[in-house]
Amino acid sequence: MQIYNTLTKTKEEFVPRDKGQVSMYVCGPTTYNFIHLGNARPLVFFDTVRRYFIYKGYQVNFVQNFTDVDDKIINRAREEKTDPLELAQKYIREFFADADALNVMRADTHPKVSEHIPEIIDLIKKLEQQGHAYAVDGDVYFAVRSFPAYGKLSGRSLEDMQAGARVEVDPRKKDPMDFALWKAAKPGEPSWDSPWGPGRPGWHIECSAMAEKYLGSGFDIHGGGFDLIFPHHENEIAQSEAACGEPFARYWMHNGFITVNQEKMSKSLGNFFLVREILAKFPPDVVRWYLLSTHYRSPLDFDDEKLVMAGKGLDRIKTALRLLYEAMELPVYQEEREKPVADGLEEKLATLRLEFEKAMEDDFNTALAISVFFELAKEINIFVGKLGGKVTSEEKKLLDKAHALVKDFNCVLGILKEDKMTGRLLIDAAGADDKLTEGLIQLIIKIRQEARSKKDWATADTIRDGLKELGIILEDTPQGVRWKKQG
RNA sequence: GGCGGCAUAGCCAAGUGGUAAGGCAGAGGACUGCAAAUCCUCCAUUCCCCAGUUCAAAUCUGGGUGCCGCCUCCA
């Protein structure tokens with residue numbers, strides 16, 4: 001398994017700290033608003049990473065924090081005249097609503113800053129005792145000059161950064177790049193008691209404290225967006241490694257941005273689209289498919305047209321799956337076929353599994369993995385097309401194997417949900433919402449079939465066109481009529 | 001100013017030394033009452049430009065052009 005490590009700027013062979021186990025920490029959102037598509041990319045991508053490790057049989061410990069104490073939350077709460085922690089709590093709930101829709105698994109632990117103040121204070125105390133931090137007027141700063149490796153993740157030196165620094169220099173800091181570990185409380189802000197007086201944690205220290213608590217030093221993978229490399233992750237490394245003298249995280253993974261008209265989607269530019277706005281127009285499986293259709297380190301440009309395209313691609317997979325399920329319902333014949341129909345399919349399925357794994361093991365190349373999924377869909381279509389309305393028991397076994405492979409691909413990519421009772425994947429375009437609709441459609445189909453049997457094509461076509469207007473697609477096959485909702 | 005990334009068909013997008021995956025769109029064919037779905041075939045002599053290394057380059061080196069990001073909150 002090869003993983004591109006931001007720390008070394010190369011792909012490295014992944015070796016977990018503990019055999020058979022993977023520890024991951026992915027920076028979660030600051031919960032002062034609904035999440036936008038840019039937030040959804042790391043969510044979906046790292047969820048897919050986690051799913052692949054699970055597929056490979058690893059035991060994964062996945063931690064994703066919530067930053068529920070922060071300037072932006074405080075400001076927003078002031079505007080809305082509510083309590084900051086309540087506001088944060090509300091958006092944590094909203095976060096889960098969106099994440100659940102995108103089929104993102106809940107983390108094993110979702111620690112919150114507000115519930116880890118003692119751990120944070122302990123870490124700051126440790127840094128202060130070791131001379132890596134200093135207090136000024138109730139604030140505590142990290143002394144970047146005390147950590148010689150500062151800049152190793154982002155690949156820049158303190159000199160580089162200061163030359164072009166656009167930061168207002170706080171004269172109380174020993175070095176302009178020193179950053180806050182603890183902020184003295186201002187009136188009306190949430191605060192906690194500390195050795196330096198009442199206050200709250202700085203932005204970076206939380207992740208150091210919580211990652212250490214739940215995963216320990218030298219855990220496997222730390223992930224987030226490219227924009228977190230500096231300063232956030234650089235600072236996490238400084239804090240954690242200065243405090244314990246051991247490597248913090250071993251593999252640093254960063255996803256590229258979602259762009260709009262090739263420009264970064266961001267809250268400050270105001271060109272962002274909320275996940276729920278998009279989900280109002282497109283099904284969640286399409287959004288997820290689209291997010292995974294490009295390699296995670298490349299930028300991904302967003303517009304409606306691209307989601308439409310992704311939807312059409314995913315329809316191909318869904319159609320193959322529908323055909324597969326149809327074939328799995330066919331009666332099993334005992335006698336052999338005169339001409340075998342499944343030539344080489346079993347080997348082909350094995351090859352496709354290997355290709356899929358190879359793609360995922362090359363730095364999680366989901367775009368390539370998806371192309372393997374398309375090949376699988378084609379193989380299924382070819383096979384099912386040759387069955388001619390009946391299967392032998394051998395062929396039935398092959399259908400089950402193909403189904404198992406689809407389920408495995410789907411499970412790693414997290415696209416379609418599974419019906420726990422039947423073990424089948426749910427294809428939303430198929431089937432009716434209720435019994436009445438199903439009955440009505442079946443009745444209409446029956447009437448149309450009667451017209452067709454009398455070669456009354458005008459009536460048959462009127463019905464088909466009329467249903468299409470309503471978003472119901474009819475497909476005539478030798479085995480009967482199939483219907484689905486428009487994708 | 002410092003640091004970094006990207007440039008592949010109409011569109012999206014893999015591919016980092018061995019002669020251009022896959023998807024969408026498009027064209028033709030099979031199937032069909034006609035469709036739809038599906039299958040088959042076609043659709044980049046070429047990978048931003050120039051020079052170089054090499055038997056061999058989209059892939060490596062140098063130069064150029066264009067776009068983007070980080071250095072300030074941001075996934």
Side-chain angles (χ1 to χ4, degrees), chain A residues 6 9 11 26-30 32 35-46 70-72 75 151 154-157 159-168 177 203 223-232 234 254-259 261-269 272 289-290 293-295 297-301 303 305-317 319-320 322-323 355 359 362 365-375 377-378 380-386 452 455-458 460-461 464-465 468 473-478 481-484:
Chain A
T6 307
K9 293 185 164 58
K11 281 185 199 171
V26 179
C27 286
T30 300
Y32 69 106
I35 60 167
H36 62 72
L37 191 64
N39 299 301
R41 170 122 96 149
L43 213 55
V44 165
F45 172 67
F46 287 107
D70 175 88
D71 287 342
K72 294 188 291 291
N75 293 338
S154 53
R156 36 190 136 191
S157 66
E159 284 63 37
D160 290 344
M161 290 185 269
Q162 282 162 26
R166 281 181 271 159
V167 202
E168 270 183 59
M177 297 310 291
W203 174 35
F226 264 117
D227 50 358
L228 294 184
I229 294 173
F230 191 90
H232 187 55
E234 193 71 71
H254 294 94
N255 63 274
F257 300 122
I258 302 282
T259 59
N261 295 323
Q262 323 300 331
E263 278 191 323
K264 179 183 174 183
M265 180 185 291
S266 75
K267 288 175 183 169
S268 38
L269 286 175
F272 61 88
W289 186 258
Y290 154 79
S293 66
T294 299
H295 185 88
R297 284 190 280 116
S298 302
L300 210 202
D301 201 59
D303 60 54
E305 217 173 302
K306 300 204 169 85
L307 276 176
V308 170
M309 252 165 63
K312 284 182 180 172
L314 181 55
D315 276 344
R316 225 180 129 63
I317 304 292
T319 299
R322 277 194 303 135
L323 295 175
E355 284 177 4
D362 183 11
N365 193 336
T366 54
L368 233 201
I370 278 176
S371 79
V372 179
F373 210 159
F374 278 120
E375 282 180 51
K378 175 172 272 192
I380 289 169
N381 289 336
I382 291 172
F383 179 54
V384 166
K386 287 187 202 159
R452 289 182 74 212
K455 296 197 191 301
D456 180 1
W457 310 125
D461 291 349
R464 190 172 59 197
D465 294 345
K468 189 169 185 212
I473 310 286
L474 296 191
E475 296 173 8
D476 298 326
T477 78
V481 183
R482 167 159 69 218
W483 74 273
K484 65 170 181 178

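The structure presented is a predicted model; accordingly, all values stated were derived computationally and were not measured. Naming convention: chains lettered A, B, ... in sequence-line order (proteins, then strands); numbering from 1 in each chain.
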Quick one: [X] [atom1] to [N] [atom2], roughly how many Å, whole number?
{"X": "A:Lys9", "N": "B:C70", "atom1": "NZ", "atom2": "C1'", "result": "11 Å"}
{"X": "A:Glu305", "N": "B:G23", "atom1": "CD", "atom2": "P", "result": "19 Å"}
{"X": "A:Asn255", "N": "B:G69", "atom1": "CG", "atom2": "P", "result": "16 Å"}

Output yes when at least one side-chain N/O atom of [X] is less than 4.0 Å from OP1 or OP2 of [N], else no.
{"X": "A:Asn39", "N": "B:A75", "answer": "yes"}
{"X": "A:Lys264", "N": "B:C70", "answer": "yes"}
{"X": "A:Lys484", "N": "B:A36", "answer": "no"}
{"X": "A:Lys306", "N": "B:G23", "answer": "no"}
{"X": "A:Arg464", "N": "B:U32", "answer": "no"}

Can you tell me, in whole Å, how much space there is between the [atom1] of [N] and that of [M]?
{"N": "B:G23", "M": "B:U19", "atom1": "C1'", "answer": "24 Å"}
{"N": "B:U38", "M": "B:C24", "atom1": "P", "answer": "8 Å"}
{"N": "B:U61", "M": "B:A27", "atom1": "P", "answer": "43 Å"}
{"N": "B:U46", "M": "B:A36", "atom1": "C1'", "answer": "36 Å"}
{"N": "B:G22", "M": "B:C6", "atom1": "P", "answer": "24 Å"}
{"N": "B:A9", "M": "B:A21", "atom1": "C1'", "answer": "14 Å"}
{"N": "B:A20", "M": "B:U8", "atom1": "C1'", "answer": "8 Å"}
{"N": "B:G10", "M": "B:A44", "atom1": "C1'", "answer": "12 Å"}

Requested in this report: Report yes if a donor N or O on one partner sits less than 3.5 Å from an acceptor N or O on the other, where the partners are the side chain of A:Arg452 and the base of B:G33; otherwise report no.
Outcome: yes

**Report entry** Base B:C34 paired with A:Asp476 side chain (donor-acceptor, <3.5 Å)
**Finding:** yes

Look only at the side chain of [X] and the backbone of [Y], and say whether a donor-acceptor pair between them is shorter than 3.5 Å.
{"X": "A:Asn261", "Y": "A:Glu263", "result": "no"}
{"X": "A:Glu355", "Y": "A:Val372", "result": "no"}
{"X": "A:Ser266", "Y": "A:Leu269", "result": "yes"}

Requested in this report: For RNA chain B, just give me the dot-bracket, please: Watson-Crick or G-U, both distances below 3.5 Å, ( ) intra-strand, [ ] crossing earlier pairs, | paired with another strand, . unpaired.
Outcome: ((((((((.[[[..)..(...]]].(((((.......))))).....[[[[[..)....]]]]])))))))....

With a 4.0 Å cut-off on heavy atoms, is [X] in touch with a base, just the backbone sugar-phosphate, or nothing at all?
{"X": "A:Leu43", "result": "nothing"}
{"X": "A:Phe226", "result": "nothing"}
{"X": "A:Ile258", "result": "base"}
{"X": "A:Phe373", "result": "nothing"}
{"X": "A:Gly313", "result": "sugar-phosphate"}
{"X": "A:Asp301", "result": "nothing"}
{"X": "A:Lys378", "result": "sugar-phosphate"}
{"X": "A:Gly256", "result": "base"}
{"X": "A:Lys455", "result": "nothing"}

Is [Y] paired with [X] through a side-chain N to carboxylate O contact shorter than 4.0 Å?
{"X": "A:Asp362", "Y": "A:Lys11", "value": "yes"}
{"X": "A:Lys312", "Y": "A:Asp315", "value": "no"}
{"X": "A:Glu475", "Y": "A:Arg464", "value": "no"}

What nucleotide among [options] has an atom nearest to a side-chain atom of [X]?
{"X": "A:Glu475", "options": "B:C70, B:C12, B:A36", "result": "B:A36"}
{"X": "A:Lys312", "options": "B:U38, B:C24, B:G22", "result": "B:C24"}
{"X": "A:Met309", "options": "B:C11, B:A75, B:C34", "result": "B:C11"}
{"X": "A:Thr319", "options": "B:U38, B:A75, B:C70", "result": "B:U38"}
{"X": "A:Ser371", "options": "B:A37, B:A21, B:A75", "result": "B:A21"}
{"X": "A:Trp457", "options": "B:C11, B:A21, B:G33", "result": "B:G33"}
{"X": "A:Phe374", "options": "B:C39, B:G4, B:G22", "result": "B:G22"}

**Report entry** Partners meeting side chain to side chain contact (heavy atoms under 4.5 Å, CB included) with A:Asn39 (sequence neighbours left out)
**Finding:** A:Ile35, A:His36, A:Lys267

With the side chain counted from C-beta on, respond yes when [X] and [Y] share a heavy-atom pair under 4.5 Å apart, and no when they do not.
{"X": "A:Arg482", "Y": "A:Leu474", "answer": "no"}
{"X": "A:Thr259", "Y": "A:Leu300", "answer": "no"}
{"X": "A:Arg156", "Y": "A:Phe230", "answer": "yes"}
{"X": "A:Asp227", "Y": "A:His232", "answer": "no"}

Requested in this report: Would you mind telling me which residue lines up with the more 5' stretch of RNA chain B, A:Ala460 or A:Ser268, judged by nearest nucleotide?
Outcome: A:Ala460

Report summary line: Contacts of A:Asp461 and A:Arg297 projected onto RNA chain B by closest heavy atom; the upstream (5') one is A:Arg297

Atom pairs, N/O to N/O, protein against nucleotides 14-18 of chain B, distance under 3.5 Å?
residue	atom	partner	partner atom	Å
B:A14	OP1	A:His295	N	2.7
B:A14	O3'	A:Asn365	ND2	2.9
B:G15	OP1	A:Asn365	ND2	2.9

Query raised in the report: Which distance, rounded to the nearest 0.5 Å, do you find between the OH of A:Tyr290 and the CG of A:Leu37?
Result: 5.5 Å

